[in-house]
Amino acid sequence: MDPLDMTDWPRPLERPRRLRRTANLRRMARETRLHTDNLIAPLFVTAGEGVQEEISSMPRQYRFSIDTLVEEAAELHDLGIPAIALFPAIPDAQKDATASAATDPSGLYPQAIDALKTELPELLVITDTALDPYSSDGHDGVVRDGQIANDATVDIMRDIAVLHAEMGADLIAPSDMMDGRVRAIRAALDANGFTGTGILSYTAKYASAYYGPFRDALDSAPRKRGDVPAGKDTYQMDPANSDEALRELRLDLEEGADLVMVKPALPYLDVIHRVKQHADVPVAAYNVSGEYAMIHAAAQNGWLDLRAGATEALTSIRRAGADVILTYFAKRMARWLAE
Ligand code: PBG
């Protein structure tokens with residue numbers, strides 16, 4: 001048969017390629033867009049002055065002392081990023097079994113919140129209320145008889161949340177997955193007059209391998225010692241579950257969460273999608289350290305293009321239904337979006 005003779009096959013009635021023909025057509029027809037308004041930058045704070053140490057497993061991410069942290073935050077603010085999420089790197093000598101450094105008002109973290117809110121009052125500061133950065137066991141809760149003690153942990157988290165609110169935190173973000181902590185934190189905030197301080201709950205946080213570089217950054221991996229469990233799977237969710245994310249969502253909404261979060265993001269796009277369909281509050285997704293490290297590692301090997309890879313990853317998280325994204329790409333993406 002003559003290959004140019006095409007008369008005998010049914011021509012397509014629709015031709016979707018017409019809308020892909022030129023850059024302007026594609027731009028006009030685009031369904032999902034990244035915007036700096038939707039990006040939250042995680043930042044790490046450490047003791048000292050003039051410190052800016054790069055984290056080896058997270059290229060271009062640093063542990064900052066409070067002075068350099070404020071400079072970095074000012075840059076992010078100037079780029080139009082609305083919020084930062086703050087995490088502390090605490091020296092081992094200050095860690096103990098009950099994470100007592102977490103509730104010290106003169107400690108590194110409260111002082112960092114205070115400096116940020118004094119110098120950059122408009123920039124939103126999201127504070128983390130889990131025990132692991134301060135725990136000698138590397139767990140998000142206190143360990144009793146080889147178990148992570150839920151209610152004793154929540155008691156401590158109430159005090160941490162109130163301290164953060166006193167220092168000016170805009171949103172309290174419990175990242176621990178203890179049961180009932182959102183209601184307990186809400187009650188503690190209200191009882192102390194902080195009715196305007198919001199809660200961004202880590203609603204569906206999975207027991208994930210992708211937190212590896214973050215635990216390097218804070219030296220906060222669970223320590224195997226005596227009867228201390230080596231993993232976080234008695235409180236973080238099983239990666240195999242998705243109905244359970246909706247149960248956690250229902251509870252967090254009942255308990256008073258102002259925003260809910262799915263974490264990690266890329267391996268859980270289906271969970272983000274389901275949570276978005278059932279939530280009547282904004283949905284956040286955390287594009288975690290391992291997701292960032294993977295893309296960087298591949299780009300460093302010349303195996304993919306960093307900008308295109310990061311843009312595609314963050315776009316997919318938005319397309320799945322996330323309203324806001326916590327991402328270590330925030331600063332570079334804000335720059336790319338402004339070009
Ligand atoms: C701990 C916490 C973790 C992350 C944020 N808060 C690690 C963990 O649960 O072990 C991970 C963030 C990242 O990997 O980027 N409360």
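Both counts, for ligands and for their atoms, begin at 1 and track the order of listing.
Ligand 1 lies less than 4.0 angstrom from a heavy atom belonging to Y286. Distances from ligand 1 to the non-hydrogen atoms of E291 include no value under 4.0 Å. Judged by the shortest distance from any of its heavy atoms, D176 lies outside the 4.0 Å radius around the atoms of ligand 1.
The backbone N or O of R63 sits nowhere less than 3.5 Å from a side-chain atom of Q52 that would complete a donor-acceptor pair. Of the possible donor and acceptor atoms, one in the side chain of N192 sits under 3.5 Å from a partner among the backbone N and O of A188. Using a distance-only test at 3.5 Å, with no hydrogens or angles considered, a donor-acceptor pair links the side chain of S65 to the main chain of G50.
Close N/O approach between Y202 and ligand 1 is not found [any backbone or side-chain N/O within under 3.5 Å]. The shortest N/O to N/O separation between D128 and ligand 1 does not fall below 3.5 Å.
Under 4.0 Å from ligand 1, the heavy atoms of D132 that appear belong solely to its side chain. Under 4.0 Å from ligand 1, heavy atoms of S175 appear from its side chain as well as its backbone.
Within a 6.0 Å sphere centred on CD of E54, other residues, nucleotides and ligands contribute more than 12 heavy atoms. For E31, the CD atom sits in a loose shell: 12 or fewer heavy atoms of surrounding residues, nucleotides or ligands are nearer than 6.0 Å.
Near A130, meaning under 4.0 Å from one of its heavy atoms, ligand 1 places the atoms 16 (N). Taking a cut-off of under 4.0 Å to the non-hydrogen atoms of Q236, the atoms of ligand 1 that pass are 8 (C), 9 (O). In the vicinity of D140, heavy-atom distances shorter than 4.0 Å reach the ligand 1 atoms 1 (C), 16 (N).
Just one residue in the list I148, V143, D132 forms a side-chain contact (heavy atoms from CB on, under 4.5 Å) with D137, and that residue is V143.
K205 NZ, 3.2 Å is the protein heavy atom nearest to atom 2 (C) of ligand 1. Summary of contacts: the protein heavy atom closest to atom 14 (O) of ligand 1 is S289 OG, 2.7 Å. Atom 8 (C) of ligand 1 has K232 NZ, 3.3 Å as its closest protein atom, hydrogens excluded (heavy atom only). Counting only heavy atoms of the protein, atom 11 (C) of ligand 1 lies nearest to K263 NZ, 3.0 Å.
Distance check, rounded to the nearest 0.5 Å: CZ of F44 to OG of S289 gives 7.0 Å.
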- Given side chain to side chain contact (heavy atoms under 4.5 Å, CB included), test R181 with T129 step by step and report yes or no. CA-CA 10 Å; R181 91 281 209 213; T129 60; over 6 Å; no

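Taking the six-membered ring for Trp and thresholds of 30 and 60 degrees, Y109 and Y134 have ring planes more than 60 degrees apart, a perpendicular arrangement.
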